[in-house]
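Side chains included, hydrogens not; waters and symmetry mates left out as well; all remaining heavy atoms used. Residue numbers start at 1 and run along the sequence shown.
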Amino acid sequence: MTDSMLTRDEAELASTARSFLSGFVGNSYLNEQEESEDGHEQARWKQMTGLGWTAVNLPERVGGGDGSLAAAAMVAREIGRAAYASPLLQTMRTGTLLASLGSDERADELMARIAGGSPAAVVASADRTVRARAVGGGAFLLSGSAAVVEWLTAAGTAVVLVPRADSDGWLLATLPPEVVGERGVAVPSVDNERESLLDLDGVGLPAATALRDDVPAADAEYALARANLLRASAMVGGAEEVLAQSTRYAKTRHQFGRPIGAFQAVRHHLARMSIAVDGARLLTDEALTRAEPSAHETAIAGAALFAAARSYVEAVLTGAQVHGGVGTTVEHILHHHFRRAKSMQLRCGKRANRLRELHGALVVRREGGLW
């Protein structure tokens, strides 16, 4: 968010996160971690959890910081700006989802674990490809195609939120570790995040795993929208960094006796990047200010996620042109952004489905008076 929109606590948190990450994250470091066994440094994870980043917007009763979603988004934005890969974003999304669905003794226990630094993963297909059906005795049977889940192998807790096939409600449940171990298969990722393909088709969940078995659809969509705003913020941070690096390069790279930024064609490239990045940032900031329980809006969050993903991809493609292709090689940090942009966009689900949802919210239901 712009400095004028941040509270004092949010601005301090953003500054701390940027200072911390800039102290060790660089292209060589990111390359080394991508090739490592875990994909991230456990020592750095402990430092981040020690700073309270997994608990920023969790309730105080579970050991959280009781901060706003915007505060958590500032951490996500700096993570995206640094192109830093770790279970942090996925863990923050899981905690946000649980906190958004209200108080429950078992949910509070899970949030307390997250606040204490235990990695977590949320399994909620963006395209709603997995569904649950009651089979008696409080148990459920899952069906549908496999879902790609980030950092599932590192997660101490896996939470699934899926629509029910036999009612209008949704199921919120924990996944037993044996299901994760047997059905989750690590797969190569385009970017430096770790991914698993989780096949839940035919998996039975006993009654003890269900946290809530009939979440109203509006509440489930709202919780997912809030969680997705953290992903949108990370993409905005990445896009901002690509624009900043491209601008600096255009000022220092000389051709024909002058900086390439002096050429009109390059200036046009940078101007288009700036428009795209500003639009995504402003829309995401507006969504964060309206993502409070009293508003219960999802349309603007969906628009922000769509715009952030599209702008990040546009920024990295144009940035590669400004850099003359240098930004797509492993010797330059922009190659991480280049790969992360498309990967993060794909994790948002199919474009047609997102546009259909926005049409339903904005045109059919006229939600929130966005227009």
Distance from [X] atom [atom1] to [Y] atom [atom2], nearest 0.5 Å?
X: Leu224; Y: Asp219; atom1: CG; atom2: CG; result: 11.0 Å
X: Leu13; Y: Ser68; atom1: CG; atom2: OG; result: 9.0 Å
X: Cys348; Y: Gln345; atom1: SG; atom2: CD; result: 7.0 Å
X: Thr96; Y: Met111; atom1: OG1; atom2: CE; result: 10.0 Å
X: Ser36; Y: Asn31; atom1: OG; atom2: CG; result: 11.0 Å
X: Asp66; Y: Leu58; atom1: CG; atom2: CG; result: 9.5 Å

Co-membership, hydrophobic cluster, residues [X] and [Y], 4.5 Å side-chain:
X: Val236; Y: Ile79; value: no
X: Leu270; Y: Tyr312; value: yes
X: Val130; Y: Val215; value: no
X: Leu51; Y: Leu69; value: yes
X: Trp151; Y: Val180; value: no

Cation-pi geometry met for Arg258 and Phe263 (6.0 Å, 45°):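 The answer is yes, since Arg258 meets both limits relative to Phe263.
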Around atom [atom1] of [X], are there more than 12 heavy atoms from other residues, nucleotides or ligands closer than 6.0 Å?
X: Arg183; atom1: CZ; answer: yes
X: Glu60; atom1: CD; answer: no
X: Arg267; atom1: CZ; answer: yes
X: Gln47; atom1: CD; answer: yes
X: Gln42; atom1: CD; answer: yes
X: Glu105; atom1: CD; answer: no

Between [X] (side chain) and [Y] (backbone), is there a donor-acceptor pair under 3.5 Å?
X: Ser196; Y: Leu198; value: no
X: Thr209; Y: Ala173; value: no
X: Thr91; Y: Ala120; value: yes
X: Arg106; Y: Ala208; value: yes
X: Ser15; Y: Ala11; value: no
X: His332; Y: Val330; value: no
X: Trp45; Y: Gly117; value: yes
X: Ser246; Y: Val242; value: yes
X: Thr318; Y: Ala315; value: no
X: Gln33; Y: Glu41; value: yes

Side chain to side chain, [X] and [Y], heavy atoms closer than 4.5 Å:
X: Pro259; Y: Lys251; answer: no
X: Tyr29; Y: Ile333; answer: no
X: Leu98; Y: Val122; answer: no
X: Arg226; Y: Tyr222; answer: yes
X: Pro176; Y: Leu205; answer: yes
X: Leu317; Y: Phe338; answer: yes
X: Ser343; Y: Glu193; answer: no
X: Leu211; Y: Leu110; answer: yes

CA sep, side-chain torsions, deciding dist, call: Arg128, Glu221, salt bridge (Lys or Arg N to Asp or Glu O under 4.0 Å): CA-CA 11 Å; Arg128 318 295 187 250; Glu221 296 285 359; 2.8 Å; yes
Step-by-step side-chain contact (heavy atoms from CB on, under 4.5 Å) determination, Asn228 to Arg93: CA-CA 7 Å; Asn228 285 336; Arg93 292 180 69 245; 2.9 Å; yes
Can you name the closest pair of heavy atoms from [X] and [Y] and give their distance?
X: Met92; Y: Thr54; answer: CG-CA, 4.3 Å
X: Ala308; Y: Ala232; answer: CB-O, 3.6 Å
X: Leu229; Y: Ala291; answer: CD1-CB, 3.8 Å
X: Glu78; Y: Ala14; answer: CG-O, 3.7 Å
X: Leu358; Y: Ala303; answer: CD2-N, 3.4 Å
X: Val135; Y: Phe140; answer: CG2-N, 4.0 Å

Met48 vs Val75, side-chain contact (heavy atoms from CB on, under 4.5 Å): CA-CA, chis, key distance, verdict: CA-CA 10 Å; Met48 292 188 295; Val75 175; over 6 Å; no
Carboxylate-amine/guanidinium proximity below 4.0 Å for Arg310 and Glu314: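 Looking at Glu314 together with Arg310, the answer is no, because their closest N to O distance does not fall below 4.0 Å.
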Between Thr153 and Arg194, a side-chain donor and acceptor under 3.5 Å: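 Side-chain D/A pair, Thr153 to Arg194: absent.
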Full working for side chain to side chain donor-acceptor pair (under 3.5 Å) between His40 and Tyr84: CA-CA 9 Å; His40 72 108; Tyr84 181 64; 5.1 Å; no
Trace of the side-chain contact (heavy atoms from CB on, under 4.5 Å) decision for Leu288 with Ser233: CA-CA 9 Å; Leu288 287 167; Ser233 296; 4.0 Å; yes
Reference residue Ser189; test side-chain contact (heavy atoms from CB on, under 4.5 Å); the match among Glu150, Arg339, Glu34, Glu195: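 Passing option: Glu195.
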Criterion side chain to side chain donor-acceptor pair (under 3.5 Å) against Asp191, the qualifying member of His336, Lys342, Arg347, His335: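 By the side chain to side chain donor-acceptor pair (under 3.5 Å) criterion, Asp191 pairs with just one of His336, Lys342, Arg347, His335: Arg347.
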Audit row: Arg248, Thr252, side-chain contact (heavy atoms from CB on, under 4.5 Å) steps and yes/no: CA-CA 6 Å; Arg248 288 195 296 269; Thr252 57; 5.6 Å; no
Positive for salt bridge (Lys or Arg N to Asp or Glu O under 4.0 Å) with Asp127, one of Arg351, Arg354, Arg356, Lys350: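 So, applying the salt bridge (Lys or Arg N to Asp or Glu O under 4.0 Å) to Asp127 and each of Arg351, Arg354, Arg356, Lys350, only Arg354 qualifies.
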